[in-house]
Amino acid sequence: MNLHVENISVELEKKTILRDVSLTVRSGEFVGLIGPNGSGKSTLLKSIYRALEPRSGFISLDGADVYELTARQNAQRMAVVRQESSIEFDFTVMEIVMMGRSPHKRLFQTDTPADSRICEEALERVGMQAYASRSFFSLSGGEKQRVLIARALVQQAEFLVLDEPTNHLDVRYQLQVMDLVKTLGITVFSSLHDLNIAAMYCDRLYVIRDGELVASGTPEEVLEPGLIRDVFGVETEVVTHPITGKKHVYFFSEAVRVQQSRQEVKAL
Ligand SMILES: Nc1ncnc2c1ncn2[C@@H]1O[C@H](COP(=O)(O)OP(=O)(O)OP(=O)(O)O)[C@@H](O)[C@H]1O
């Protein structure tokens with residue numbers, strides 16, 4: 001499934017949030033979106049999953065305008081894991097995951113044993129099978145996140161949109177969730193805060209700052225100290241990881257830099 005975003009602009013409360021954004025995610029690619037807080041990552045993803053129609057521009061999945069598809073057609077093509085859960089009423093974990101099957105059902109069609117099996121498998125893949133009958137509201141942030149990923153999995157869509165999927169997850173589940181998404185072999189577009197996770201898992205990255213894309217390329221091309229300084233305002237050292245061969249970013253806090261320059265002055 002190919003995603004094309006062409007020249008989209010979004011304005012909210014008379015403020016331009018996205019300016020002339022164009023990008024492509026090709027079939028089977030895992031593409032990351034990185035940028036500082038408030039740079040427009042969620043807004044761009046919302047435009048793609050139709051929660052926020054852009055003022056101008058065009059978004060298509062395999063050539064079909066996403067805003068022309070019915071909600072059902074769209075849900076068969078695209079699954080979404082949002083940053084904040086939109087679950088308003090308390091359901092069990094299994095009921096939440098089962099909701100992901102609805103694009104594959106007719107109106108009022110009941111859940112089949114096959115649906116239950118698919119949901120159980122998805123819960124197992126995210127390590128939440130023991131929680132099937134628990135209330136969703138009683139879960140921790142990380143547990144909720146894993147359940148929402150299971151719900152996206154059972155939708156069996158070919159295109160997955162993730163808004164900071166590792167938010168709330170401890171390091172083990174960060175890696176587990178990213179490994180899982182990677183092994184699905186489907187097309188993924190994901191916003192990410194952790195640059196090292198982005199380097200490990202993404203085939204390509206887009207960098208957004210103040211609502212505009214400012215760089216794109218492979219993690220090897222994009223993740224370099226000058227760009228990270230310009231976009232995130234932090235100093236880094238970027239090395240090639242000796243085991244994975246991927247880029248690895250070390251960050252220097254302002255306090256460490258001040259201490260280091262004092263030591264350098266003393267040594268003179
Ligand atoms: N409904 C709204 N009305 C006005 N401004 C909004 C609205 N929603 C978002 N914004 C603004 O748009 C900008 C981009 O927000 P967005 O949530 O897309 O950023 P983000 O890159 O996802 O941030 P974060 O990393 O903090 O999640 C921010 O300045 C935000 O305050």
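Quick caveat, the model's predicted, so the values are computed rather than measured. Each ligand, and each atom within it, is numbered from 1 in the order the structure gives. Note that the numbering runs from 1 along the sequence shown for the chain.
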### Ion pair Arg229/Glu235, N-O distance below 4.0 Å
yes

### Sub-3.5 Å N/O-N/O distance, Leu12 and ligand 1
no

### Query
Can you find a pair of side-chain heavy atoms, one from Phe30 and one from Val181, that are under 4.5 Å apart?
yes

## Note on the structure
Counting from 1 in the order shown, the ligand 1 atoms closer than 4.0 Å to a non-hydrogen atom of Lys15 are 29 (O)

### Message
I'd like to know whether ligand 1 has Gly35 as a neighbour, heavy-atom separation below 4.0 Å.
### Response
no

### Query
Going by the order shown, which atoms of ligand 1 are within less than 4.0 Å of some heavy atom of Pro36?
21 (O)

#### Entry: Salt bridge flag under 4.0 Å for residues Glu29 and Arg26
yes

### Query
Does Ser191 have a heavy atom less than 4.0 Å from any atom of ligand 1?
no

### Query
Are the charged groups of Arg125 and Asp179 less than 4.0 angstrom apart, N to O?
no

### Heavy-atom nearest option to atom 23 (O) of ligand 1, drawn from Gly38, Ser42, Ser39
Gly38

### Task
Mark the output for Glu164 as yes if a heavy-atom distance to ligand 1 is under 4.0 Å, and as no if none is.
yes

### Query
Can you tell me how far the OG1 atom of Thr70 sits from the CD atom of Gln76, to the nearest 0.5 Å?
7.5 Å

